[in-house]
Amino acid sequence: MKKSDNEYRLVMSGISKSFGNVSVLKDVNLKVKHGEIHALLGENGAGKSTLIKILSGVHQKDTGKVVLDGNEIAPKNTHDGQVLGINVVYQELSLVQDLSVAENIYLHKLGATKFWMNWKELTNNAQELIDSLGFEIDASARVRDLSIVQKQVVEIAKAISEDTKVLVLDEPTTVFDPTDIKKLFNNLFKLKEKGISLIYISHHLDEIFKIADTITVLRDGVDTGTLVAADTDKDSVIHLMIGRELKDLYPKKDSKIGEEPVFEVKNLTAKDTMVNNVSFSVKPGEILGIAGLGGSGRTETAKLIFGADKKKSGTLILNGKKIETNSPVDAAAHQIGFVSEDRKEEGVFLPLSIRRNISVTNFKSISSKLGFINIDSEYKKVLGLIDKLNIKTPNSEVNVKNLSGGNQQKVALAKWLSIDSKVIFIDEPTRGVDVGAKIEIYKLINEVAKKGVGVVVISSDMPEIMGISDRILVMHQGTIYGELQKHQFSEENILRYAIGEPLKQTN
Amino acid sequence: MAITLKEQLSSPGGVLKFLVKYNTVFIFLLLVLFSALISDVFFTSVNLSNLLKQVSGIGIISIGMLIVILTGGIDLSVGSMVALLAVTFAILVNIFALPLAILMTLAIGFGLGSISGYLVAYQKMAPFVATLALMTIARGLGFIYSKGSPVTFKTYGGLYMSNFANNSTLGIPNIAIVFFIIVAIAMVMLRYNVFGRLIIAIGSNEEASRLSGIKVNKYKFLVYAISGALAATAAIIVASRTNLGSPNMGMSWELDAIAAVVIGGASLNGGKGTAINTLMGVLILGLISNILNLLNVPSYPQQVVKGGIIIFAVLLQRFERK
């Protein structure tokens, strides 16, 4: 079956790339047609990002050829790439916090055409663009004041404001809730109709099968196959991704749930966020899921309980005793743990070693009264945790920034799992984490619950929250709108509560 | 390209890797070698002990600067604090018994540092601004209390201190011993004590520190207070060396201290830096002045050379980071 290359807009062939003596890509091929959505899949570290960065001009290939519309190209930097019509929405947001939405969208164009700025026109154009995407964002607002979802939308708007030929989206939906994802997908379909070629990177197989026409899988820097989405299924894709069959994503939980709640929240209302009148309780050994749309106040609730935000009213009861948490220091003293959704900004210390990261919450057990650390017991403890959590690293002195997302997340978890927490809040436990590491993290969460800890998991990933929770609370507009027992778990039920609708009556 | 080049160079034997990693030590040794070759006087005990005496004061405040910079802050007030506290010590030692005068000066230094610490930690003032204000205030107070002219030591206690500051033990100047002890304490505290670990954590990610239940404000407050106490220590030493406290002392020392910390490889963003490297930074700056003095280079060209060395040292550290 020989096809002419003319039907392809973009052909990357025989691409190889090494950093030092580490070979990241080995003879990789990627062909993208006009007006198709081409999914690029692979576990963390498989080489997806490097391939994209070669395409966009961040990195330069060692060998191989990149052909766009019949012409060989070799962008030396991202500006070259943009001029050629290649735009990338990166996973790490790259917006300027202190500029407005409009300024960010046209940042690369500012000053390029005229000497004077026409602010009004700029803002109007940006507003039109955002409106056409179907999201509600004020184009004159400062990016700093936007929610993370809105920021991601701006990022996307920025990428399509050019004469785009190839648009790459690197995990665009990690922060989105289902309704936003739907909106995004509609936009992607529109772009596709316009003839733009989209390369879509995601860990969500469900999403991939909803939108992709073609799927290319990378594993350890080699492309293991290109499949037509309509002719394949999840299992085959997973097989290509991890090289083995995937039996059970959500490991079985066998912890005993206690009778009396270990932690109760009564009528909690925030001073500065939308959280109002939140009440719930979690029992020892229970995994309580909190679902809801983006902006429904899930993270804010956890931060409020943890003392990171200010409370207006409400009561917290730990093991039957009323407690106050006016700061994270108080919360930590009461053995309440919190793993942030924003791993890089709030979870780990990127420039510090794994050992220093894990020890930060742990000094009580490994230091003397005067604060002198027993280095032997520190190593013992840290190496034990690295082993137990299966953190993939040559040793404990590797800086966390050099680890993959999944392993960084394990370090963030290790910080709290190693101390004896009574309640632990885990916000988006597996965001941006590959399938293999996901299973390990779920196992870990189960183990924590087994020790009799009350585990509260916040997640936007519906299959995940249904897969691991014993019970799910659904938040809507800053309060808990409904509670689902295990037999009621379904995407529909969660979504109904999340948008403030009652459940369908069934008999 | 840069990465592959570095990889290639560093793979055999790791000699280059070692040199890049310990670049401050490397620069230091190179300077020593260079100085020894260029001047016969350099390796005399008189010159070396002079060198150590000259750097001890700045060295001590550099350690304070280091712990502030580790948290991601900066302390511009230390130079002026040295002036104010030298005057203070001279006044106090003429009134009170020596141990009491020393303790009071240290306490006042700690107190003045606490003001910066309070403003930064609890009032969320930018460290640059808070300590800039303190810098002006301290210098002004120094002139007010001394009425603009140096205050000389008049009592036996003052005499004792001046003897101590100008003498040596086992060939090492006493004040250098004080400096080395402070460096040693800082090394131990930064490496093996929770205090050091936490200030480094705060400097590398303040929000993550807060959410890890660390008392971020307390530690930010403390580093400025300690920096103040170290400025007091430096003030006592420099005053004792000259037998007087003058409001003109410590002029622009804060900049030398920052330079020493930066040459020592610390990041002004916080979270990175060690006491031993700051010691190297101090010695490198001292050595440059020393050798240029021996070569009779006037002071203005000396400043140019110093600036050049700072740039060179920091460029070399970029290698390491890659």
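Just so it is clear: chains get the letters A, B, ... in the order the sequence lines come, proteins before strands, and each one is counted from 1. Quantities reported herein were computed from a predicted structural model and do not represent experimental measurements.
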May I ask you to test the B/Ile200-A/Phe349 pair for a side-chain heavy-atom distance under 4.5 Å?
-> no
Measuring heavy-atom distances to chain B, does A/Val348 have an atom under 4.5 Å in its side chain, in its backbone, in both, or in neither?
-> backbone
Might you point out which heavy atoms bring B/Arg197 and A/Arg355 nearest each other, and give the distance in Å?
-> NH2-NH1, 3.0 Å
Okay, A/Ser359 and chain B: the region with an atom under 4.5 Å from a heavy atom over there is side chain
Grab the two heavy atoms, one from A/Ser340 and one from B/Leu211, that are nearest each other, plus how far apart they are.
-> CB-CD1, 4.4 Å
When the 4.5 angstrom heavy-atom criterion is applied to A/Phe306 and chain B, the contacting part is side chain
Specify which of A/Lys303, A/Glu346, A/Lys415, A/Gln60 makes the most heavy-atom pairs with chain B at under 4.5 Å.
-> A/Glu346
Toward chain B, the part of A/Glu378 with a non-hydrogen atom under 4.5 Å = side chain
Count the heavy atoms belonging to other residues, nucleotides or ligands that lie under 6.0 Å from CZ of A/Arg144, then report whether that count exceeds 12.
-> yes
For B/Phe312, does the CZ atom have more than 12 heavy-atom neighbours from other residues, nucleotides or ligands under 6.0 Å away?
-> no
Highest number of heavy-atom pairs under 4.5 Å with chain A: which of B/Ile214, B/Val188, B/Asn193, B/Leu198?
-> B/Asn193
Assess whether atom NZ of B/Lys215 is packed by more than 12 heavy atoms of other residues, nucleotides or ligands within 6.0 Å.
-> no
Counting heavy-atom pairs under 4.5 Å to chain A, which of B/Ala208, B/Ser209, B/Gly213, B/Gly196 comes out on top?
-> B/Ala208
Answer yes or no: does atom CD of A/Glu345 have more than 12 heavy-atom neighbours from other residues, nucleotides or ligands under 6.0 Å?
-> no
The single option from A/Asn357, A/Thr361, A/Val329 passing side chain to side chain contact (heavy atoms under 4.5 Å, CB included) against B/Ser212 = A/Thr361
Part of A/Ala331 within contact of chain B (heavy atom distance under 4.5 Å) | neither
Indicate yes or no for a side-chain donor-acceptor contact from B/Asn205 to the backbone of A/Gly347 under 3.5 Å, with no hydrogens or angles considered.
-> no
Can you tell which part of B/Ser267 gets under 4.5 Å to a heavy atom of chain A, answering side chain, backbone, both or neither?
-> neither
Can you tell me if NZ on A/Lys76 sees more than 12 non-hydrogen neighbours from other groups inside 6.0 Å?
-> no
Side chains of A/Pro351 and B/Lys272 in contact at under 4.5 Å (non-hydrogen atoms) | no
Contact origin within A/Leu370 toward chain B - heavy atom pairs under 4.5 Å = backbone
Residue list, ring-ring contact (aromatic ring centres under 6.0 Å, His included) with A/His59, at least two apart or on another chain | A/Phe19
